[in-house]
S.K.: 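Quick one: structure below, then a few questions.
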Amino acid sequence: MTALPSPNHCCSSSSSAYSLNSSIGIRQIQRNIPFSLIPQKKFGFKNVSFRSKCTPSLPEAVLMQDVVSKILSCLGALATKLVATNEASSPKELKEGLLTVNPPEEDENTVDSDAKGDDSTVSITIVGASGDLAKKKIFPALFALYYEDCLPEHFTIFGYARSKMTDAELRDMVSRTLTCRIDKRENCGEKMEQFLKRCFYHSGNYDSEQNFTELDGKLKEHEAGRVSNRLFYLSIPPNIFVDAVKCASRSASSANGWTRVIVEKPFGRDSDSSAALTRSLKQYLEEEQIFRIDHYLGKELVENLSVLRFSNLIFEPLWSRKYIRNVQLIFSEDFGTEGRGGYFDHYGIIRDIMQNHLLQILALFAMETPVSLDAEDIRNEKVKVLRSMRPIHVDDVVVGQYKGHTRGGQSYPGYTDDKTVPEDSLTPTFAAAALFIDNARWDGVPFLMKAGKALHDRRAEIRVQFRHVPGNLYYRNSGTDPDRATNELVIRVQPDEAIYLKINNKVPGLGMRLDRSNLNLLYKARYAKEIPDAYERLVLDAIEGERRLFIRSDELDAAWSLFTPVLKEIGEKKVIPEYYPYGSRGPVGAHYLAARHNVKWGDVGVDE
Ligand code: NDP
Ligand code: BG6
């Protein structure tokens, strides 16, 4: 837990530097204290960050009172000093005065980027810029941030990959995937042009220090002597993560600002390989520099989970075994692994979706109230949930694989029809599992997960089924299935983001017939604004040094400890997946699994 400065801390000569320019949040001031104590070694870094106007955050509000009073006392002291010396009268001078109140006690090469205000730059290098993810998600996310004015004043984007490309060719490639939000159409072309002018390309190998040194030279040119902050986004296959980090660290890390690295999944394929990857990365990076991305954490409705729970009195008291019968975490896609079969066959759906995206949602859903909204407090609580989970029994897992299917004259390929997938592959493209959290809050409550490709629809949702009403007076009026009369809360992550609660009500009229209706918060009806893509939020958070939505190494270890034994057993026993037709609802085994735990999947209910 980070400590707040003492009231006089910012005014004392022995303190860290606090700046009050427009790009720094109050939380940032609070956050600087412990990080300034972290030894600045390896891949040189500073955790002081740019904070954009796009993220006024709740933690700031929570801490506002305390910190504001501290700042006011500092301002008071400063104002007295300024008036006395008659040195500053303009706002600019005042700001500069503030910036120099407490000279930082740091080595002279390390300059506080915020303290330098406009003198700092952020250089974002997308390693693997020629790839699918860069084109589909990262460049568009950066453009959206630029459009929303969320990026710092001085920023440069570099694409780095082996493919030969000129800056113009990169810009041409990127321009084809940029879009403007529906509500932001005006000036779109102009904005794109300005954005593309900030994008450059350097061709190089991932294991060449020489090539990264060349990149460093180009970054320096653009940084033009300002404080340099560097973000590397590893959008490359995992087998070259370590090479790229080693070369970037040795040859292209920032000399006087922070250096951070966003690492894409997969983070290994079991406990051992994940631990080996973490060990290798930590030869060159501190944990604080590693931003392990799980893009589901950046999705609006996943972020909203904690808000829903902790800011509404009606939910938190119900959030336990006492009132919740089961929780379902459902992911389905209506397309197969087309184009990614080579990658997918090595991982399968459990590693691709369950071990990370669904488990992260589960941890956020089930955690105890964190001490604060600080990243470490939230991640501490998530880790406790993961460590409390009962080992997964192989009988509590159903695996499936889609097969080719013809419908309405159109044929859909089976998983093994993909040329990059071995014909005899047993890799699951579907899985369902029952998980349990052995703690006081959740003892005995099944958390059912279901994830599949090539199913009948695309959706990601959390379904919370509440217990039956004890001694229900209206039992006879609700039909024959008591489960149908229980309340269900659905948090639909995508598509059509929504939160709805199924309640029972009387059908209007003279009789007494009950009906089920939804109290529905449908985002597109409630908010005119388009919801940002998860990558926008996450990239911005990485630039700002906000780690709340990134996976800490102990969380990762706990997630792998949970899934590794069952994955090993499935692999060793060569469990044959249950085949299901492309576009179907998946293997029937998922229903038997649910039934064994007295659960009915909510997404196949009659009112869906
Ligand atoms: P790609 O396979 O498209 O690879 C990205 C770039 O890496 C390529 O353009 C290529 O650039 C280089 N590259 C590819 N294979 C090799 C190789 N064997 N050796 C050296 N360089 C190679 O990956 P994606 O863009 O699809 O994904 C990037 C990362 O993000 C991966 O870790 C992936 O698992 C992860 N990811 C991807 C998602 C997606 O939707 N695509 C979703 C979630 C995670 P060049 O040849 O020019 O050097
Ligand atoms: C990725 C998986 O992490 O998430 C893919 O590797 C999957 O297999 C994708 O398709 C789904 O993400 P989204 O945001 O489209 O639901």
S.K.: Using a strict cut-off of less than 4.0 Å between a Lys/Arg side-chain nitrogen and an Asp/Glu carboxylate oxygen, indicate whether Lys506 and Asp515 qualify as a salt bridge.
M.R.: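 Here Lys506 does not pair with Asp515 in a salt bridge, since their nearest N and O are not under 4.0 Å apart.
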S.K.: What pair of heavy atoms forms the shortest contact from Gly341 to Tyr415, and how long is it?
M.R.: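 Heavy atoms of Gly341 and Tyr415 come nearest at O-OH, 4.2 Å.
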S.K.: Centre-to-centre under 6.0 Å for Phe143 and Phe139, is that the case here?
M.R.: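 Not close enough - the centres of the two rings lie 6.0 Å or further apart.
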S.K.: Is a side-chain N or O of Ser425 found less than 3.5 angstrom from the main chain of Val421, in a donor-acceptor match?
M.R.: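 Not confirmed, Ser425 side chain does not pair with Val421 backbone.
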S.K.: Kindly indicate whether a cation-pi arrangement holds for Arg407 with Tyr412, taking the cut-offs as under 6.0 Å to the six-membered ring centre and within 45° of the axis.
M.R.: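 Cation-pi check for Arg407 and Tyr412: passes.
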S.K.: Going by atom types only, do Thr429 and Tyr580 share a side-chain donor-acceptor pair under 3.5 Å?
M.R.: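 Thr429 vs Tyr580: donor-acceptor pair found between side chains.
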S.K.: If the threshold is 4.0 Å, N to carboxylate O, is there a salt bridge linking Glu488 and Arg463?
M.R.: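 A salt bridge is present here (some side-chain N lies under 4.0 Å from a carboxylate O).
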S.K.: For residues Phe436 and His597, establish whether the separation of their ring centroids is below 6.0 Å.
M.R.: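 Yes, they do, as the ring centres are separated by less than 6.0 Å.
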S.K.: For a quick test of reading the model, state the closest non-hydrogen atom pair linking Leu277 to Pro266 and the distance between them.
M.R.: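 Smallest heavy-atom distance, with atoms named: CD2-O, 4.4 Å.
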S.K.: Are the side chain of Arg537 and the backbone N or O of Gly298 linked by a donor-acceptor pair below 3.5 Å?
M.R.: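 Yes, Arg537 side chain to Gly298 backbone: donor-acceptor pair under 3.5 Å.
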S.K.: Check this for me: does any side-chain nitrogen of one of Lys384 and Glu368 sit under 4.0 Å from a carboxylate oxygen of the other?
M.R.: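 So Lys384 does not pair with Glu368 through a salt bridge.
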S.K.: Would you call Glu569 and Lys574 a salt bridge, taking side-chain N to carboxylate O under 4.0 Å as the test?
M.R.: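 No, Glu569 and Lys574 are not salt-bridged.
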S.K.: Run the numbers on His357 and Tyr296 for ring pair (Phe, Tyr, Trp, His ring centres under 6.0 Å), then give the verdict.
M.R.: CA-CA 6 Å; His357 302 331; Tyr296 265 64; 4.5 Å; yes
S.K.: Would you name the heavy atoms of Val263 and Leu281 that are closest together and state the gap between them?
M.R.: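 So the minimum-distance heavy-atom pair works out to CG2-CD1, 4.3 Å.
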S.K.: Would Phe365 and Trp319 count as a close aromatic pair, with their ring centres under 6.0 Å?
M.R.: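 Yes, the ring of Phe365 comes within the 6.0 Å limit of the ring of Trp319, centre to centre.
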S.K.: Verify whether the ring centers belonging to Tyr323 and Phe466 lie closer than 6.0 Å.
M.R.: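 Not under 6.0 Å, so no.
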S.K.: Carefully, step by step, assess Tyr402 and Thr337 under the rule side-chain contact (heavy atoms from CB on, under 4.5 Å).
M.R.: CA-CA 10 Å; Tyr402 65 89; Thr337 59; 3.4 Å; yes
S.K.: Decide yes or no on side-chain hydrogen bond (donor to acceptor under 3.5 Å, both in side chains) for Asp496 and Gln494, but give the supporting numbers first.
M.R.: CA-CA 5 Å; Asp496 288 339; Gln494 66 187 31; over 6 Å; no
S.K.: Hey, are Glu316 and Arg309 close enough for a salt bridge, meaning a charged N less than 4.0 Å from a carboxylate O?
M.R.: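 Result for this pair is yes, salt bridge flagged.
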S.K.: Any side-chain heavy-atom pair from Leu426 and Pro577 closer than 4.5 angstrom?
M.R.: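 They are in contact (side-chain heavy atoms under 4.5 Å apart), so the answer is yes.
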S.K.: Hydrogens and angles aside, do Lys382 and Gln360 bring a side-chain donor and acceptor to less than 3.5 Å of each other?
M.R.: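 There is such a pair between these side chains.
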S.K.: So if I apply the salt bridge (charged side-chain N to carboxylate O under 4.0 Å, His left out) rule between Arg292 and each of Glu555, Glu264, Glu287, which one comes out positive?
M.R.: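 Exactly one candidate clears the test, Glu287.
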